[in-house]
Amino acid sequence: MTEWETMNRRTFIRSLSRTAAVFSTADLLQSAGLGVTFTNRAREAGLNARMVYGSENRNRFLLETTGSGAAFFDYDHDGWLDIFLVNGTRFEAVAGPAPVSRLYKNNRDGTFTDVTSAAGIARTGWGAGCCAGDFDNDGLDDLFVSYWGDCALWKNLGNGRFIDVAAKAGVTTRTKSGLKRHNTGCAFLDYDKDGHLDLFVANYIDFDPKTAPLPESGPCKYKGILVACGPPGLKGGRNILFRNNGDGTFTDVSETSGILKTPGTYGLGVTVADFDDDGYPDIYVANDSTSSTLYRNNRDGTFSDVAIESGVAYSPDGKPQAGMGVGVADYDNDGRFDIVKTNFAGDTSSLYRNAGEGAFEDQTFQAGLGRVTRFLGWGAAFVDIDNDGWRDVVLCNGHVYPEVGDSAEESGYRQRKVVYRNLANGKFQEVSGQLGPGIAEKVPGRGMAVGDFDNDGSLDLLVNCINAPPQLLRCEREAAGNWLKIKCIGTKSNRTGIGARVYCTAGALRQTDEVRSGGSYLSQSDLRIHFGLAGETAASIEVRWPSGIVDKARIEAVNRIVTIVEGQGITGA
């Protein structure tokens, strides 16, 4: 056992003794409050465009139910997070202008300006997921957006404008027969560690409205109500891996890399992390109505699906689940990355603790996440809401079928968020009711991104909704709770620093995170790494880059953003 593992174990044991009484006296904890409130600032911030996705009251096709993602990313590199919202459309005519995905520039005063047209990034269609990364290493973060049909690779031109280079770059996603794929979650990653970002795209179904079954012809019912058919009975999509050629183009290596060799299909949420600590990124995909997928990187350009043997494919009783979104973090601060996954109504979310050596333990019920089953989850993220150094869980919900209406059954079509506080002893407690109107507001939520849009050190939430305005949930904290944000810039590694592992040691606690693209449900969170420090006023940072270079720094002044350049250390704040 290493020195830092021993140190964290001591912290864990001390936390266990402190929190045992707290967990057994829940009423006292509930009355104490957390000093954290989330309020929806979308309207005041200027996020007024209503998102469109399928018919509002009745859906004929499964495509209409899945919704789309959101992104917090700094497209103009001014140090303030901008917003991108993926939009959809309808099969019937839409009144007024065609709906388009929207880009909002951060005005640095709590408001945003819609720059969609000026940026040249407006596109209509059945948008789904988004992920950010500098695929050509020019110092500007680009944006990939998945669609039912041809996807978009928006190259950042650096002058406030983007251009779609998907066809030129070779990241087209049509099937050989010409059938449109329903592309969903995505992530940039450097799976072969050559310094160039590759691209993974999950697929849900191969869909053709001319041949797809209708609710009446199925017939397809949910609790006696006619609803859109699928995914069982529909042809599952096949995931795609594009290798970056280093010249602005990509090659489809899905077959040669082993990506197609998996029992799971109906892919939705995607996340990337080095789960087995071998220095190479692995890929986890939340699949709907079948086993989830964990692609282990074999370090030779190929992957193997090890989800079943690793313990992250099924529920605790060995059944497939309707997986939607997925989040990754080291929630118990043992140096290994754990997984949270959202599932269908009537089921629990899944919490998989990384036990090391390629094995995970399902801790859903032991940790306290198995008590709530009435919500249908989409976005999922580990978020340190109170900056105490222990990552909490935030889940974004909304029923899949608008036909259920707003009845009390399964909390209706519009649903609130669910938040679990990390008690620092391996257990969580639901605290949703203590966190204010932003969490309590019922919406048809789908994609959720996490980021500090006002740079105040508190992590905020961006939620994309179906046929409703988005939510911008600002986190307001009464307690101090110190923090650090680490922005990584690669030189030998990819410029965005994706895959860089960052360690933060403050006092007796050592935290671990990685720079990652994609995640949650079809969304992109802040590429900067956030560490809550509680009352600590200094910290040591260590960055292990994909290239093998290691940078170390001592931070004596906290509550700020620190930039670390590969091989050069801290360059500014």
Contact between [X] and [Y] at the side-chain level, heavy atoms closer than 4.5 Å - yes or no?
X: Y147; Y: V86; result: no
X: W390; Y: D384; result: no
X: K442; Y: Y413; result: no
X: R516; Y: Q524; result: no
X: P469; Y: N48; result: no
X: E64; Y: S55; result: yes
X: L268; Y: Y521; result: yes

Nearest-0.5 Å distance, [atom1] of residue [X] to [atom2] of residue [Y]:
X: S520; Y: M448; atom1: OG; atom2: CE; answer: 4.5 Å
X: F453; Y: C475; atom1: CZ; atom2: SG; answer: 10.5 Å
X: F200; Y: Y295; atom1: CZ; atom2: OH; answer: 4.5 Å
X: N183; Y: L522; atom1: CG; atom2: CG; answer: 11.0 Å
X: L484; Y: I486; atom1: CG; atom2: CD1; answer: 5.0 Å
X: K168; Y: F250; atom1: NZ; atom2: CZ; answer: 13.0 Å

Pairs satisfying salt bridge (Lys or Arg N to Asp or Glu O under 4.0 Å), at least one member in residues 486-500, at least two apart: none
Side-chain donor-acceptor pair under 3.5 Å between [X] and [Y], yes or no?
X: N203; Y: T184; answer: no
X: N239; Y: R181; answer: no
X: D551; Y: W545; answer: yes
X: E441; Y: N40; answer: yes
X: N245; Y: T251; answer: yes
X: N467; Y: R90; answer: yes
X: N287; Y: T293; answer: yes
X: E566; Y: S547; answer: yes
X: N559; Y: N482; answer: yes
X: T496; Y: D134; answer: no

Could you work out, with salt bridge (Lys or Arg N to Asp or Glu O under 4.0 Å) as the rule, every residue matching [X], not counting sequence neighbours?
X: E476; value: R41, R474
X: R50; value: E56
X: D164; value: none

Do NZ/NE/NH1/NH2 and the carboxylate oxygens of [X] and [Y] come within less than 4.0 Å?
X: K485; Y: D526; value: no
X: R421; Y: D386; value: yes
X: K105; Y: D114; value: no

The test is side chain to side chain contact (heavy atoms under 4.5 Å, CB included); show your working for L62 and Y204 and say whether it passes. CA-CA 10 Å; L62 189 64; Y204 193 47; 3.4 Å; yes
Taking A449's backbone N and O only, do any of them form a donor-acceptor pair with S525's side chain (distance below 3.5 Å, no angle check)? no
Where at least one partner belongs to residues 118-133, residue pairs that pass side chain to side chain donor-acceptor pair (under 3.5 Å), sequence neighbours excluded: none
Does D78 form a salt bridge (Lys or Arg N to Asp or Glu O under 4.0 Å) with R108? I'd like the steps, not just the answer. CA-CA 10 Å; D78 66 351; R108 312 184 197 183; 3.4 Å; yes
Show, in sequence, the C-alpha distance, side-chain angles and deciding distance for D136 and K155, and conclude whether the side chain to side chain contact (heavy atoms under 4.5 Å, CB included) test is met. CA-CA 9 Å; D136 52 2; K155 175 178 167 55; 2.4 Å; yes
Given R243, which partner from the list T249, D192, D252 fulfils the side chain to side chain donor-acceptor pair (under 3.5 Å) test? D192
Any residue meeting side-chain contact (heavy atoms from CB on, under 4.5 Å) with E536, in chain and number order, not counting sequence neighbours: A506, L533
